[in-house]
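Just below is one structure, and these are the notes that go with it.
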Amino acid sequence: MIGPRTAAAALLAAALIASPARPQAQAAAKVSAPIDLTGYWVSFVTEDWRYRMVTPPRGDYRNVPVTREALRVLNAWNPAADQAAGEACKSYGAAGLMRVPGRFRITWQDDTTLRVDSDAGMQTRLLRFASSPAGRPERTWQGTSAARWDARSLTVVTTNMRAGYLRKNGVPYSEHATMTEYFDVAPHPSGGQLLVVTAVVVDPQYLELPYITSANFKKEPDGSRWDPMPCSATW
Amino acid sequence: MGSDALFGDMVAARIAAVVFLALIAPSGALAQVELAGSWIPRAFEDVPNGGIPVDYTALPLNDEARIRALSYSEAQLAMIERQCEGWPQFYLVEGPFGLKIWSDTEPAKGAVVSWTIGAWEDRAPLVIWMDGRPHPPAHAEHTRGGFTTGRWEGNTLVARTTHMKAGFLRKNGPPNSDLTTMTTRFFRHGDLLTVLMVVEDPIYLAEPYVLSKTYQLDATPLLAVGPPCVTAYEGQEPGAGVPHFLPEKNPFIDELTTLLHIPREAVLGEVRTLYPEYRKEMKDRYIAPPPCTRNCGRVPTR
């Protein structure tokens, strides 16, 4: 027979072993955050410079495992037409946003929602730890993001995006794309922090393989360099 | 008190002890993850091996580094005595190859003494000592592989490498000094491994150079060593001198500007060109290059 002390000890152990990643604990995501992602982060482009800092030539899709259908789309890229059609934000959708050079402001919108604002393109991502409302919401550039803590990392799965561009030069992702991201932090040798965001984009329509990248950011002491600029299809 | 009650008390005591030990143990001891295996590169970002002789984009070089880089000729690699010189350890993230990782344990308790990332033909193995040994004194011998110690920060293995020989940040000549240090973090997410590398060099870098790359665990085993490096005649006559350019006369300095309209200061790795402000600075003077017509990407299979 198991006595009350045994049961109490077992309950205590279960409570302590329960990981913050467990769904029931995500309701207190802000309180249980194992890492602090809030603040201003600036991207610094030490990889893929020619694909991120300038708009690459039309038809250049090097290193992106596109399908033939994607090839047709990217070769027909017309930034002026995108701009005129009110589609200037296609390269600022969730699957491309974190690789656009700029600054990101991360705040807690409430106890269960991390908010990521970008100054480039003036976009807002909401990373929700709580369940999303029932029903399928309208597709948006930033889609619907479900977040959870995994040990000392943030995992985010984004769906329900409008079709957009992985690169400024029209390398496409479709509305069927999903993206899984992992946010990890590390100290910067000069003080402050580094953030690396590993992103895995899966798209049955335009990608033959998952497209995996990692973007690096540095934490800034304040928002003095925050410089909002609207989306631009032509630059 | 009956035997059941006694048994219950013993169980309770053991559970409480386990919980107590779990709470007081260093987080690193609890949170380690398995890294052993063959990890193939998911190379969807540029492999900065220097396909163009003067392309230092995305590097935070200082002036001294630029002058040395511009004096470099890749024909040096054809010299018999330099063919097997190899690359510094950061080539494991910059290079195109996968990572074969294993651990060595001490026999009594099975504690991990070291993690090793296997060598390639042109890179020495990276041995990450986990047993608390100190780094050698500053003036100890520098080797191609350097000296590396590691520790766990939660689920992340953190490795620090010192005592590397002087070499190159990229194959096209940007240099690193023998004072270079490297801090590497291994973040595992399921079957993905993201490696974040921070390279510091007080001689040639204007600020730390940060790279990251993601690998995927694969069932096909990678070799733990590369093929042996064998020298051969590659067109450079012994005693013919060291191929080089005078820095101001490097004939390739404008190749990337001509090809892709990338401004010279970015081609030459000025640190300000890494930040968003530079993109705004360029906006009004950048002219889009003509459409890509060849080597635009790999041909799709479906």
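A, B, ... follow the sequence lines: proteins, then strands. Residue 1 opens every chain. Remember, predicted model here, so these are calculated numbers, not experimental data.
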(request) Give a yes or no answer on whether the side chain of E208(A) reaches the backbone of T301(B) with a donor-acceptor pair at less than 3.5 Å. (result) yes
(request) Measure distances from V158(B) to the heavy atoms of chain A and classify the residue's part below 4.5 Å as side chain, backbone, both or neither. (result) neither
(message) Tell me which of these, D60(A), D184(A), L209(A), has more heavy-atom pairs under 4.5 Å with chain B than the rest.
(response) D184(A)
(request) Name the region of D227(A), side chain, backbone, both or neither, that has any atom closer than 4.5 Å to a heavy atom of chain B. (result) both
(request) Against chain B, label V42(A) side chain, backbone, both or neither, depending on which of its atoms sit under 4.5 Å from a heavy atom there. (result) side chain
(request) Determine the option with the most heavy-atom pairs under 4.5 angstrom with chain A, choosing from T57(B), L196(B), V210(B). (result) V210(B)
(request) Let me know if V198(B) has heavy atoms under 4.5 Å from chain A in its side chain, its backbone, both or neither. (result) side chain
(message) At a 4.5 Å cut-off on heavy atoms, which part of R68(A) comes close to chain B: side chain, backbone, both, or neither?
(response) both
(message) Heavy-atom pairs under 4.5 Å with chain B - which of R50(A), E69(A), E47(A), R58(A) has more of them than the others?
(response) E47(A)
(request) Grab the two heavy atoms, one from A159(B) and one from F186(B), that are nearest each other, plus how far apart they are. (result) CB-CE1, 4.3 Å
(request) Measure L207(A) against the heavy atoms of chain B and call it side chain, backbone, both or neither at under 4.5 Å. (result) backbone
(request) Ignoring hydrogens and angles, state whether a donor on the side chain of D201(B) or S177(B) is under 3.5 Å from an acceptor on the partner side chain. (result) yes
(message) Any heavy-atom pair between the side chains of Y286(B) and W235(A) that's under 4.5 Å?
(response) yes
(message) For the interface with chain A, which of H261(B), K283(B), R42(B) has the highest count of heavy-atom pairs at distances below 4.5 Å?
(response) K283(B)
(message) Is T183(B) close to chain A through its backbone or its side chain, or both, or neither, when contacts mean heavy atoms under 4.5 Å?
(response) neither
(message) Report which part of L59(B) has an atom under 4.5 Å of a heavy atom belonging to chain A: side chain, backbone, both, or neither.
(response) neither
(message) With a 4.5 angstrom heavy-atom cut-off, is it the side chain or the backbone of P60(B) that approaches chain A, or both, or neither?
(response) neither
(request) Give, as side chain, backbone, both or neither, the part of R279(B) having an atom under 4.5 angstrom from any heavy atom of chain A. (result) both
(message) Please classify the contact of T293(B) with chain A as side chain, backbone, both or neither, using a heavy-atom distance under 4.5 Å.
(response) neither
(request) Identify which part of P65(A) has an atom lying under 4.5 Å from any heavy atom of chain B, answering side chain, backbone, both or neither. (result) both
(request) Quick one: which of P291(B), C292(B), C296(B), P276(B) has the most heavy-atom pairs under 4.5 Å with chain A, could you say? (result) C296(B)
(message) For T46(A), is there any backbone N or O sitting under 3.5 Å from a side-chain donor or acceptor partner on R52(A)?
(response) no
(request) Mind ranking A215(A), S43(A), A70(A), S214(A) by heavy-atom pairs under 4.5 Å with chain B and telling me who comes out on top? (result) S214(A)
(request) Taking the side chain as every heavy atom from C-beta outward, state whether D117(A) and W226(A) have any pair of such atoms under 4.5 Å apart. (result) yes
Show me, pair by pair, the donor-acceptor contacts under 3.5 angstrom made by side chains of residues 187-200 of chain A, not counting sequence neighbours?
from: H188(A); atom 1: ND1; to: S190(A); atom 2: N; distance (Å): 2.9
from: T198(A); atom 1: OG1; to: T194(B); atom 2: OG1; distance (Å): 2.8

(request) Identify whether the distance between the nearest side-chain nitrogen and carboxylate oxygen of R160(B) and E153(B) falls below 4.0 Å. (result) no
(request) On the 0 to 90° scale, with breaks at 30° and 60°, tag the F44(A)-Y275(B) ring pair as parallel, tilted or perpendicular. (result) parallel
(message) So does F168(B) get a backbone contact from the side chain of N176(B), meaning a donor-acceptor N/O pair under 3.5 Å?
(response) yes
(message) Report which part of L71(A) has an atom under 4.5 Å of a heavy atom belonging to chain B: side chain, backbone, both, or neither.
(response) side chain
(request) Determine whether L193(B) and F187(B) make a side-chain contact, defined as any pair of heavy atoms from C-beta on separated by less than 4.5 Å. (result) no
(message) Below 30° counts as parallel, above 60° as perpendicular, anything between as tilted: where do the rings of F97(B) and Y91(B) land?
(response) perpendicular
